[in-house]
Amino acid sequence: MGFQRTHFCGELRAEHVGQEVVICGWVHRRRDHGGVIFIDVRDREGLVQAVFNPERLPVAEFAEAEKLRSEFVVQVFGKVHARMPGMANPNLATGDVEIYANKLVVLNEAKTPPFAVEARNGVDEALRLRYRYLDLRRPELQAALALRHKTTTLIREFCDQHGFWEIETPMLTKSTPEGARDFLVPSRVQPGEFYALPQSPQIFKQLLMMGGIDRYFQLARCFRDEDLRADRQPEFTQLDMEMAFVDREDILKLMEGLVAFVMEGTVGVKLPLPLPRMSYDEAMARYGSDKPDTRFGLEIYDLTDIVKDCGFRVFADTAAQGGVVRGINVPGAGDRFARREIDELGELAENYGAKGLLWLIVTDEGSRGGISKFFEPSKLNALVEAVGAKAGDLLIFAADEPQVCAEVLGRIRLFLGNKLDLIPEDTWNFLWVVDWPLFEYDDTSRRFQAAHHPFTAPIMEDLPLLTTDQEKVRAQAYDLVLNGVELGGGSIRIHRRDVQEQMFKAIGLSAEEANARFGFFLDAFDYGAPPHGGIAFGLDRWIMLLAKQSSIRDVIAFPKTASAQDLMSDAPAPAVEKQLQELHIRLNPEAVQGLKQKETSS
RNA sequence: GGAACCGUGGUGUAGUUGGUUAACACACCGGCCUGUCAAGCCGGAGAUCGCGGGUUCGAGUCCCGUCGGUUCCGCCA
């Protein structure tokens, strides 16, 4: 006969008045007046008030209602009534009605929860994670998961409409060099050998293109064994896409359509298309970041030519050694900032690798403080004009190699944007960053690495430089940035074996290594690989931004802590000896010792 | 691997310069109460101040270590 539920609690409205209904849910709050008892019943869709009146209920039934406590699971049978005049609750979507209960079934009792599901103050996140199933009952988290579902539904709808097939790729796959640290899975059947969990389905999606699938997408779980951040979990979800017979323009155009479709369907924002684009070089020069937040100003200016002969040796020497002097004008900060606040910027700059931060304050008469004494009036005028400064503004400078200047000033720019409250809410600034370098130099290994990944195609006219002038080679790569957050990135891929082999060589991978790691992949190029390209979006980050949260933990049902643990299930956990034996694994003495210590201390 | 901040009844917080009985709100338990909706009123129980050590006549408070959480740097093709 079924469970008999007729409605969600949260969906009852004036139009239901007069109907006999059955609702199921949790006791959110009870108000026991000795006679009449009010119970707010909560489910996924919201709250509704059920009224238990001793005059309308059998004694036994009313006695049952008196036992109700927070988080009891109940089924309430009753009739929807309009609230009496003046008794409506405007704070409740269902506030115009209430249910006159005529029968109550307690489906399950509940202990007093370790924290109130509707807590007025914040609850310690560790506690929330330990009892995640209680946390999930809270409206904020339910809204985030509903938004997540809506987003993936829209994605699937768009992808289907545009000919993308959703295809799963293996989770048990092969470790690849470069990139993040892999999670390894020991093989029982092949002693001493390991699978790796995918950092992304990159190679498989390219092989799908070689397999003639033409258009593929997947909401792919990815795994990277690196330290966590507010926007980084060891396992996360990418919207992974790949297309054959496309160039960069085709992909950007199609992806803009997808992004606009999702933005409109989730937060109701109509994005003006096409989305703005900026070259990597311009982003680094103007914003000091490869993912610029364009919601506020405080842009970076190159001032090398103006200041190199101003008489200040630091500037002159930097320029002479091929370095640059760049600066930011902080409007009004000269008047408002205490000396201590300026010094704080200097400390910040040193944290990010600058030798120091130089500054001066523009005044009606000229300038004061910091390095102002090195500027004669004409130089100062040129400077002030270049950055558009006026009296009361603070000018800050960094003098160093271009990359260091960009990095330092980019970070300070973000710090100041926050500190001065310059970042508008409810703004959705999307931006393509294009024309990336194909390589970046790695100081520790003293060689070039793929800036994106080693399957990214160079811009064809730069192909001759691939193994000779790596620093000059540009990539057919693009990143999508939203409000200073990297939402996704992709590229046109290499589809010729000789180019792919050159690429491996350029990043210092020997032919033997390349074959050992990617032989099967290189072989595939020999059998007719179509031109192709794609992109991957960080789904968790995207939904975090849509939900206006500051951590992806708030949009993931069961996230892990900063130390990569699940406080609810207590994963990871020691394996029993039998499992280890089957997997041909023996723990080293330090690990065994560590486990013992952990056991005694807990 | 490094740095910073946090840890006090079930929850959220206060706790002064180191001082005697650790305070408040909510929740919980009991009683009263028939229109509340963060119900109200009365009463009650509930804390070895994360853990370990040290300084001191005396430690929630100071010091060292450790565990847990968060944020950031490194790391994250």
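Values below: every heavy atom of this structure, side chains too, minus hydrogens, waters and symmetry copies. Computed from a predicted model, the values in this text were never measured in an experiment.
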Watson-Crick or G-U wobble partner for B:U11, using a 3.5 Å limit on both distances? B:A25
Is the terminal nitrogen or CZ of A:Arg541 (NZ for Lys, CZ for Arg) located under 6.0 angstrom from the six-membered ring centre of A:Phe236 and within 45° of that ring's axis? no
Look at all strands and tell whether A:Glu125 reaches a base, only sugar-phosphate, or nothing, counting heavy atoms closer than 4.0 Å. sugar-phosphate
A:Gln218-A:Tyr216 side chain donor-acceptor pair, cut-off 3.5 Å: yes
Identify whether any heavy atom of A:Ala116 sits under 4.0 Å from a base atom; if not, whether one sits that close to sugar-phosphate; answer base, sugar-phosphate or nothing. nothing
Mind checking A:Tyr352 for me? I need base, sugar-phosphate or nothing, with any heavy atom below 4.0 Å counting as a touch. sugar-phosphate
I'd like to know if A:Arg232 reaches the base of B:C76 with its side chain, counting only an N/O donor and acceptor under 3.5 Å. yes
With sugar-phosphate meaning primed atoms plus P, OP1 and OP2, does A:Gln199 contact a base, only sugar-phosphate, or nothing at under 4.0 Å between heavy atoms? nothing
Is the distance from OP1 or OP2 of B:A39 to the nearest side-chain N or O of A:Arg29 less than 4.0 Å? yes
Base, sugar-phosphate or nothing for A:Tyr100? Non-hydrogen atoms, less than 4.0 Å. base
Nucleotide opposite B:A3 in a Watson-Crick or G-U pair, distances under 3.5 Å: B:U71
Side-chain (A:Glu64) to main-chain (A:Glu61) donor-acceptor, under 3.5 angstrom: no
Any heavy-atom pair between the side chains of A:Tyr478 and A:Ile251 that's under 4.5 Å? yes
For B:U48 and B:C6, measure between their P atoms and round to the nearest Å. 22 Å
When you compare B:G31 with B:C49, how far apart are their C1' atoms, in angstrom units rounded to a whole number? 33 Å
Do A:Arg447 and A:Tyr441 meet the cation-pi criteria used here (NZ or CZ under 6.0 Å from the six-membered ring centre, within 45° of the axis)? no
Extract from the structure each pairing of a protein N or O with an N or O of nucleotides 44-51 of chain B at less than 3.5 Å, listing the distance.
none

Would you mind telling me which residue lines up with the more 5' stretch of RNA chain B, A:Asp442 or A:Gln49, judged by nearest nucleotide? A:Gln49
B:A39 pyrimidine/purine six-ring stacking with A:His33, under 5.5 Å and 30°: yes
With no hydrogens and no angle check, just 3.5 Å: does a side-chain donor-acceptor pair link A:Gln49 and A:Asn89? no
Sticking with atom C1', work out how far B:U66 lies from B:G58, rounded to a whole angstrom. 25 Å
By the 4.0 Å heavy-atom rule, please label A:Glu118 as base, sugar-phosphate, or nothing. nothing
When all nucleic acid strands are considered with a 4.0 Å heavy-atom cut-off, which category describes A:Asn53: base, sugar-phosphate, or nothing? base
Between A:Asp479 and A:Tyr280: side-chain donor-acceptor atoms closer than 3.5 Å: no
According to a strict under-4.0 Å criterion, is A:Arg69 in side-chain N/O contact with OP1 or OP2 of B:C29? yes
State plainly whether the residues A:Lys291 and A:Glu486 are in salt-bridge range, i.e. N to O under 4.0 Å. no
Within the 4.0 Å heavy-atom criterion, would you say A:Gly95 contacts the bases, only the backbone, or no part of the nucleic acid? nothing
Expected output is a numbered-order residue list: members of residues 552-567 of chain A with a heavy atom under 4.0 Å from any atom of RNA chain B. What is it? A:Arg553, A:Thr561, A:Ala562, A:Ser563, A:Gln565, A:Leu567
With no hydrogens and no angle check, just 3.5 Å: does a side-chain donor-acceptor pair link A:Arg224 and A:Gln233? no
So, A:Asp462 side chain and A:Arg474 main chain: donor-acceptor pair closer than 3.5 Å or not? yes
Contact under 4.0 Å: A:Arg31 side-chain N or O vs B:U36 OP1/OP2: no
Sugar-phosphate only, base, or nothing, as touched by A:Arg411 at under 4.0 Å among non-hydrogen atoms: sugar-phosphate
Name the pairs: protein N/O against N/O of nucleotides 1-10 of chain B, kept only if under 3.5 Å.
residue: B:G10; atom: O2'; partner: A:Pro114; partner atom: O; Å: 2.7

Would you say the side chain of A:Arg30 and the base of B:C37 hold a donor-acceptor pair, judged only by whether the two atoms sit under 3.5 Å apart? no
Decide side-chain hydrogen bond (donor to acceptor under 3.5 Å, both in side chains) for A:Asp566 and A:Ser569; before the verdict, give the C-alpha distance in whole Å, the side-chain angles of both, and the deciding distance to 0.1 Å. CA-CA 6 Å; A:Asp566 176 348; A:Ser569 69; 3.0 Å; yes
Can a salt bridge be assigned to the pair A:Glu501 and A:Arg497 using a cut-off of 4.0 Å between side-chain N and carboxylate O? yes
Distance-only polar pair, side chains of A:Gln403 and A:Glu407, donor-acceptor under 3.5 Å: no
